[in-house]
Every structure is written in C-alpha cells, then in structure tokens.
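Structure, as structure tokens:
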Protein chains: 2
Amino acid sequence: MDTNYFQTLKELNLKATPKRLAILEIMALKPVYVSPEDVWQEMRMRFKTIGLPTVYRNLDELASGGVITKIINPDRQLYYFFCQKKHHHHHFICVFCHRIEELDFCAIREMETEFERKTGSKILSHIIQINGCCKKCRKGNP
Amino acid sequence: MDTNYFQTLKELNLKATPKRLAILEIMALKPVYVSPEDVWQEMRMRFKTIGLPTVYRNLDELASGGVITKIINPDRQLYYFFCQKKHHHHHFICVFCHRIEELDFCAIREMETEFERKTGSKILSHIIQINGCCKKCRKGNP
DNA sequence: TTATAAATAAAAACCTTTTTCATTTACGGA
DNA sequence: TCCGTAAATGAAAAAGGTTTTTATTTATAA
C-alpha cells in the first residue's frame with residue numbers, strides 16, 4: 001500500500017498541508033466508509049482549529065483526483081472510502097456498520113447468492129445504474 | 001398500461017384524493033425522471049393550493065408502495081420515475097436530459113458496449129453497489 | 001527570504017427535505 | 001344521504017447537510 005501521501009498530493013497539484021496529509025492518513029486506515037462529519041471528529045482530535053468546510057473541500061478534491069471514492073448510499077448523504085483495490089471493482093456496503101467489502105467479481109444474480117453464501121451477509125438491495133449522455137444530448141456535451 | 005389509479009391507490013391503502021391521482025397521472029406520462037420540485041410545478045397548474053411537502057409525502061408513499069421508483073443520481077438529490085417494466089430491470093439515465101431507458105439485460109461490461117453501440121449514447125459511469133447487512137450486524141437486524 | 005497563489009477558519013448562506021399543527025377531506029357505516 | 005373518524009393537506013417553521021464568502025494564514029517556488 002502506498003503511504004507516500006506527500007507525493008500523492010503533489011501529483012494532484014495540491015499543496016501538502018498538514019491537514020490534507022492527516023485526512024489521507026485517517027481515510028487510509030478505515031475499513032469503513034465515512035462521512036465528512038466522521039472525518040471532522042477525528043481531525044478535531046489532531047488539530048485545535050479545523051473547520052468542517054475544510055474537510056468537505058479536501059474530501060471532494062481527493063475524490064476528484066481519484067484517491068478516494070464517493071460511496072452511493074441509499075440515504076443520499078455524502079460518504080467516502082479509501083479503496084485498496086486500484087482496478088475496476090464494486091462494493092458491498094453494510095448500511096448498518098458501514099463496513100465495505102471490495103468485490104472481485106462483476107456478474108449480478110450469481111454474485112449475490114455466491115456472496116451471501118461465502119460471507120453470511122444478507123443482501124437487502126442492489127443498485128445497477130448506468131449514467132451517461134444520450135444520443136440527443138451528445139451534441140455539445142461529453 | 002394500467003391507468004386505473006383509483007384502484008392502484010386503494011391497493012396501497014391510500015385514499016384516492018384528487019391530488020394523489022394527479023401525481024400518478026403526471027408521473028405516468030413522463031419519459032424522464034423528475035424531482036419533487038418538477039412535480040410541484042405541474043401540480044400548481046392544476047391546483048390553486050398545493051404544498052411542496054404534500055408532493056414530497058405522496059411521492060415517498062408511492063415509492064414505498066412500489067408504484068414509482070426512486071432514482072439514484074450522482075447529484076444525490078431526490079428523483080422519481082414511473083417504470084413501465086414491472087420485472088427486474090435496470091436503468092440508463094441521461095444526467096443531462098433526465099431521460100430514462102429501461103434495460104432488459106443485466107451483465108455489465110458487455111452491456112455497456114452493446115448499449116453504446118445500439119443507442120449512440122455515451123456511458124460516463126456506472127454504479128454497481130450491493131447494499132445489505134453484514135454477518136456481524138445480522139444479530140438483531142434484517 | 002520573500003512573493004504569491006493556494007488553503008484555511010469562521011460565519012453565514014443555501015437548498016432540499018422534514019416536521020409540526022391546525023384545518024379539511026375521503027369514505028365506511030349508520 | 002349524512003356523519004364520524006382517520007387520513008390527508010397547507011402553511012409555516014425547522015432541520016440538516018453542504019456550500020459560499022471573505023479575511024487571514026500557509027506552503028512553496030523563485
């Protein structure tokens with residue numbers, strides 16, 4: 001696992017401030033997805049002044065840079081996760097304890113039963129949604 | 001397509017108020033996903049008094065009853081769609097024009113390229129996420 | 001060491017969604 | 001058809017999460 005966060009930030013053209021480095025450290029250690037508020041709580045133990053907007057801004061920048069991943073939760077709030085796997089993969093998220101399991105396989109029905117059998121988890125729902133730009137809208141957009 | 005919305009509401013144990021019927025009519029005609037605000041705009045043309053909270057409440061009730069579907073949009077706002085297909089399926093959503101295409105197939109990589117080829121759309125991202133309750137959390141939860 | 005652009009704190013604003021509560025309405029049973 | 005009751009609604013306010021603004025501080029390249 002890469003822990004040279006100074007380098008990571010440089011590559012994103014972000015200044016390596018103590019707070020950014022701390023956010024990366026905190027994120028990298030979590031086996032669960034976290035809200036900006038969660039990160040803020042931890043940051044307040046390390047810094048005597050740290051604003052919630054700073055946490056929001058930094059998490060957003062890190063996600064834009066691909067260092068962390070936004071998590072889609074049915075509650076529609078903002079969550080982030082530091083993925084260990086760098087290749088294409090999907091997630092099982094426990095909406096109770098927020099733990100994430102990074103999945104290696106990618107089919108669906110099969111995936112679900114196989115996954116439940118292997119892990120003892122109960123799948124409540126899944127989201128498969130393709131986001132894009134339709135033919136009509138392609139004139140002038142991505 | 002079933003248009004007996006009075007019956008639909010009865011089956012959900014909801015009173016068939018003019019406003020509920022109107023919301024169903026509006027939703028059923030839309031080939032796009034809509035926000036509560038969108039629905040409210042249309043409702044205001046039909047009723048001289050109609051509150052936004054009423055629209056929120058009714059959309060939520062209809063979604064709980066499975067008549068309409070909540071749409072997961074990367075912008076994390078609330079959207080709904082009246083699905084024509086009643087069996088298991090997924091969606092392609094255009095985040096520009098909000099049009100939805102209901103998909104018949106369910107694999108992923110293959111699905112994407114096939115879909116782009118057939119429709120001329122450009123896929124920007126996809127979400128595959130399995131939501132559930134992990135082994136640890138199953139003690140006392142669903 | 002200094003200049004400069006970027007990052008931050010603090011406060012306020014924003015916007016969507018939900019709650020509260022008094023009033024009105026739908027509708028099953030007289 | 002009329003009533004009684006639970007459900008639905010409007011209006012206003014509150015809640016809650018997220019973003020913007022602005023003055024100040026900081027990282028870093030020259």
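Chain A is the first sequence line, chain B the second, and so forth, proteins listed ahead of strands; every chain is numbered from 1. Values below: all heavy atoms of this structure, side chains included; hydrogens, waters and symmetry mates excluded.
- Look at Glu42(B) and Lys30(B) and you find a salt bridge, because one of the NZ, NE, NH1 or NH2 atoms lies within 4.0 Å of a carboxylate O, short of that distance.
- Within the 4.5 Å cutoff, the side chain of His98(B) has heavy atoms near those of the Tyr79(B) side chain.
- With sequence neighbours excluded, the residues forming a side chain to side chain donor-acceptor pair (under 3.5 Å) with His91(A) are His89(A), listed by chain and number.
- Between Phe115(A) and Phe92(A), the ring-plane angle classifies as tilted under the 30° and 60° cut-offs.
- Salt bridge annotation for Arg46(A)-Glu25(A): present, with a cationic side-chain nitrogen under 4.0 angstrom from a carboxylate oxygen.
- Across all strands shown, Gln77(B) has heavy atoms under 4.0 Å from sugar-phosphate atoms exclusively, and none from any base.
- Rounding to whole angstrom units, CE of residue Met43(A) and C1' of dA9(C) are separated by 13 Å.
- When the P atom of dG16(D) is taken as reference, atom CG of Leu78(B) falls 17 Å away, rounded to whole Å.
- The shortest distance between the side-chain N/O atoms of Tyr56(A) and the OP1/OP2 oxygens of dT18(D) is below 4.0 Å.
- For Trp40(A) and dT8(C), the CH2 to C1' distance is 14 Å, given to the nearest whole Å.
- Listed for the Ser64(B) side chain is a donor-acceptor partner under 3.5 Å among the backbone atoms of Asp60(B).
- Comparing Arg76(A) and Lys10(A), the nucleotide of DNA chain D nearest to each residue sits closer to the 5' end for Arg76(A).
- Closest-nucleotide positions on DNA chain C for Pro36(B) and Ala16(B) were compared, and the one nearer the 5' end corresponds to Pro36(B).
- Atom CG in Asp38(B) sits about 11 Å away from atom P in dT17(C), given to the nearest Å.
- Taking atom CZ on Arg46(A) and atom P on dT8(C), their separation rounds to 15 Å, with Å as the unit.
- One atom, CG of Leu59(A), and another, P of dG17(D), lie 15 Å apart when rounded to the nearest Å.
- Although no hydrogens or angles enter the test, the distance criterion places no donor-acceptor pair under 3.5 Å between the side chain of Gln77(A) and the main chain of Ser35(A).
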Nucleotide by nucleotide, nucleotides 7-15 of chain D touches protein heavy atoms under 4.0 Å in the pattern (B base, S sugar-phosphate only, - none) SSBB-B---
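- dT16(C) atom C1' lies 14 Å from atom CG of Asp60(B), rounded to whole Å.
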